[in-house]
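Since the model is a prediction, treat every value here as computed from it, not as a measurement.
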Amino acid sequence: MAKTTSFTCTNCGARYTKWAGRCDDCGAWNTIAEEAPLSAGPAKTALGAARGRTIELSALASKETAPPRNRSGIDELDRVLGGGLVPASAVLVGGDPGIGKSTLLLQAAASFARGGLDCLYISGEEARAQVRMRAQRLGLADANVRLGAETALRDILTTLDAEKPDLVIIDSIQTMWADNVASAPGSVGQVRAAVHELTGFAKRRGAAVILVGHVTKDGQIAGPRVVEHMVDTVLYFEGERGHQFRILRAVKNRFGPADEIGVFEMTGTGLAEVANPSALFLAERDRPAPGSVVFAGIEGTRPVLLELQALVAPSSLSQPRRSVIGWDGGRLSMTLAVLEARCGISFAGLDVYLNVAGGMRITEPSADLAVAAALLSAREDIALPPDIVVFGELSLSGALRPVGQTENRLKEAQKLGFTSAIAPGGSKFSQVRGMDVAEMRDLAGFVGAYFGAA
Ligand code: TYD
Ligand code: MG
């Protein structure tokens, strides 16, 4: 039998038959690595020829009720999990090294343990003394969490089968080593094997398993995206370095909504929950300045107000700079193009910087109008009124499209002291007391109303 060597992108998991410098799928450089050939076994006979056993089939309807969820008591975490941790499920928590994954999960383990779960925390990165010291500093030393420091997967699985815990935390999957896979720890093959074995344990024993995965850029070790399809829930823990805010974001959840976020703040004594993110994100806002606009967004089930900041300055480059933090660069280009084509406002020869204050990342298209407003405000050096929030999706024709949950956005704005809003025409909502809503049909109308001089 011919050996089937394959190459896999350690960033996104795309497979190739030959090596390449750049992954066509995710665009990352130098992330494609050779994977040890899978011993598929000789295909002597077609599978259909030799009889296997028949599998059990059952009706879709069942009398079983949904298993009770285990709540940690950390509300931000429970909400992102879809209302608590489901027994017999596997959760992957990905994030950049140093973002606070170990801190979050140690705090979660302690909370679950206080709620009566039998929790094991297996660290493949830190010695037990190190984890203990961290627990001490976080004020969790009294929690009934059992610690292990091990990387040999076989030994870990044997221990788990003997101890039968309710919850296992594995920190991290990249340090786990399966002795039946002939490649180095952290390689795609090893990481896949570890996740396969551990999710298998979760289903077999009814335990919840939380796996930590480092997001890696250099491709030396396999990132969490390689195994996203193998687990029930994928959470990413993100934040800007230099900011204390951390966002826990559900990107896949077989047991709940997938766009929910939890907001935390990194403090000297661990991660603190942020129950009212809008107030936090707007706390640093000074007097209304040109280029600053407050966007009324929705993150998961919650409205969140965010400040967008734009700076527009004459460029000395032949190709002016377009720099975005916290939003999609492609959407910025689109917004600039619509401003030019539909309103005749050109940004040629101008550097454009756009920033979402507080280190938050916006994924909603309903931020288009707020971005356009920030860009115009910066370019014309005209500040919008201080008590106004903006939202709306922009189409290529320059028309503004209504977005979902208008009323929730307005209520949140009203709660935080705003008195008016700019929204797309045709939005469906009932009036919110104290909020004055200006409905705009298209971008040109918006420009005329607020930047008449432009
Ligand atoms: P850590 O949880 O080790 O990150 P990860 O597991 O994702 O690699 O977090 C490390 C950072 O968090 C470290 O740079 C210091 C900071 N930190 C605090 O600010 N306060 C704390 O109480 C703790 C435990 C960590
Ligand atoms: Mg860690």
Side-chain angles (χ1 to χ4, degrees), residues 1-43 47 89-97 101 122-126 148-161 168-204 209-236 251-252:
M1 193 191 68
K3 259 173 119 186
T4 48
T5 315
S6 80
F7 294 84
T8 308
C9 171
T10 53
N11 184 42
C12 70
R15 281 171 183 266
Y16 297 93
T17 49
K18 61 181 200 303
W19 189 86
R22 180 171 179 270
C23 174
D24 285 338
D25 250 35
C26 66
W29 287 93
N30 245 338
T31 56
I32 294 179
E34 185 173 348
E35 204 177 342
L38 291 173
S39 51
L47 272 183
S89 72
V91 180
L92 176 69
V93 178
D96 288 328
K101 300 180 294 298
I122 312 276
S123 177
E125 298 187 344
E126 292 165 288
E150 185 53 67
T151 57
L153 196 56
R154 190 181 291 276
D155 298 345
I156 291 174
L157 287 164
T158 305
T159 311
L160 295 184
D161 274 323
V168 186
I169 292 169
I170 302 286
D171 189 3
S172 64
I173 50 166
Q174 279 104 353
T175 53
M176 293 295 123
W177 177 69
D179 55 23
N180 59 346
V181 177
S183 54
S187 65
V188 174
Q190 284 282 358
V191 167
R192 281 218 183 103
V195 173
H196 179 77
E197 294 285 351
L198 290 162
T199 49
F201 164 77
K203 307 288 160 191
R204 192 168 69 235
V209 174
I210 302 182
L211 308 163
V212 173
H214 291 293
V215 172
T216 57
K217 299 233 160 53
D218 58 5
Q220 288 300 306
I221 53 177
R225 290 183 64 185
V226 173
V227 293
E228 276 183 356
H229 61 286
M230 298 167 72
V231 296
D232 299 308
T233 302
V234 179
L235 311 179
Y236 276 93
V251 297
K252 162 180 169 178

Query raised in the report: Counting only N and O atoms by type, is there a donor-acceptor contact under 3.5 Å from the side chain of Gln190 to the main-chain atoms of Val181?
Result: yes
Query - CA sep, side-chain torsions, deciding dist, call: Lys101, His214, side-chain contact (heavy atoms from CB on, under 4.5 Å) - result: CA-CA 9 Å; Lys101 300 180 294 298; His214 291 293; 3.1 Å; yes
Query raised in the report: Which pair of non-hydrogen atoms, one from Thr10 and one from Val226, has the smallest distance, and what is that distance?
Result: O-CG2, 3.4 Å
Query raised in the report: Taking only residues two or more places apart in sequence, or in another chain, which ones meet Arg22 in a salt bridge (charged side-chain N to carboxylate O under 4.0 Å, His left out)?
Result: none
Report task. Using a 4.5 Å cut-off on heavy atoms from C-beta on, say whether the side chain of Asp161 contacts that of Arg204. Result -> yes
Report summary line: Here the gap from Ile170 atom CD1 to Glu150 atom CD, rounded to the nearest 0.5 Å, amounts to 10.5 Å
Report task. Using a 4.5 Å cut-off on heavy atoms from C-beta on, say whether the side chain of Ile210 contacts that of Leu92. Result -> no
Query raised in the report: So, do Pro185 and Met176 sit near enough that their side-chain heavy atoms are less than 4.5 Å apart?
Result: no
Query raised in the report: Asp24: what forms a salt bridge (charged side-chain N to carboxylate O under 4.0 Å, His left out) with it, not counting sequence neighbours?
Result: none
Report task. State the CG-OG1 distance between Leu235 and Thr233, to the nearest 0.5 angstrom. Result -> 6.5 Å
Query raised in the report: Can Tyr16 and Cys23 be said to form a side-chain contact (heavy atoms from CB on, under 4.5 Å), step by step?
Result: CA-CA 9 Å; Tyr16 297 93; Cys23 174; 3.2 Å; yes
Query - Spacing of Ser183 atom OG and Glu34 atom CD [to the nearest 0.5 Å] - result: 10.5 Å
Query raised in the report: To the nearest 0.5 Å, what is the distance between OH (Tyr236) and CG (Asp96)?
Result: 10.5 Å
Query raised in the report: Looking only at heavy atoms, which two atoms of Cys26 and Asn11 are closest? And how far apart?
Result: SG-ND2, 3.2 Å
Requested in this report: Could you grab the distance from atom CZ of Phe201 to atom CG of Leu160, nearest 0.5 Å is fine?
Outcome: 4.5 Å
Query raised in the report: Taking all atoms of both residues into account, what is the closest heavy-atom pair of Val215 and Gly94, and its distance?
Result: CG2-C, 4.4 Å
Query raised in the report: Arg192: what forms a salt bridge (charged side-chain N to carboxylate O under 4.0 Å, His left out) with it, not counting sequence neighbours?
Result: Glu35
Report summary line: Per side-chain contact (heavy atoms from CB on, under 4.5 Å), Leu211 is matched among Leu198, Val93, Val234 by Leu198
Query - Smallest separation among heavy atoms of Val231 and Ala90, with atom names - result: CB-O, 3.6 Å
Requested in this report: Return yes if some donor-acceptor pair links the side-chain N/O of Trp19 with the main-chain N/O of Phe7 below 3.5 Å, else return no.
Outcome: no
Query raised in the report: Say you draw a straight line from NZ of Lys252 to CD of Glu228; how long is it, rounded to the nearest 0.5 Å?
Result: 7.5 Å
**Report entry** Residue pair Val227 / Ile173, side-chain heavy-atom distance below 4.5 Å
**Finding:** yes
Requested in this report: For Cys9 and Thr31, work out which heavy atoms get closest and say how close.
Outcome: SG-OG1, 3.2 Å
Report summary line: Of all heavy-atom pairs linking Cys12 and Asp25, the shortest is SG-CB, 3.9 Å
Requested in this report: Answer yes or no: is there a side-chain heavy-atom contact under 4.5 Å between Asp155 and Leu157?
Outcome: no
**Report entry** Worked check of salt bridge (Lys or Arg N to Asp or Glu O under 4.0 Å) between Lys203 and Asp232
**Finding:** CA-CA 11 Å; Lys203 307 288 160 191; Asp232 299 308; 2.7 Å; yes
Query raised in the report: Checking Ser123 side chain against Glu125 main chain: does a donor-acceptor pair fall under 3.5 Å?
Result: yes
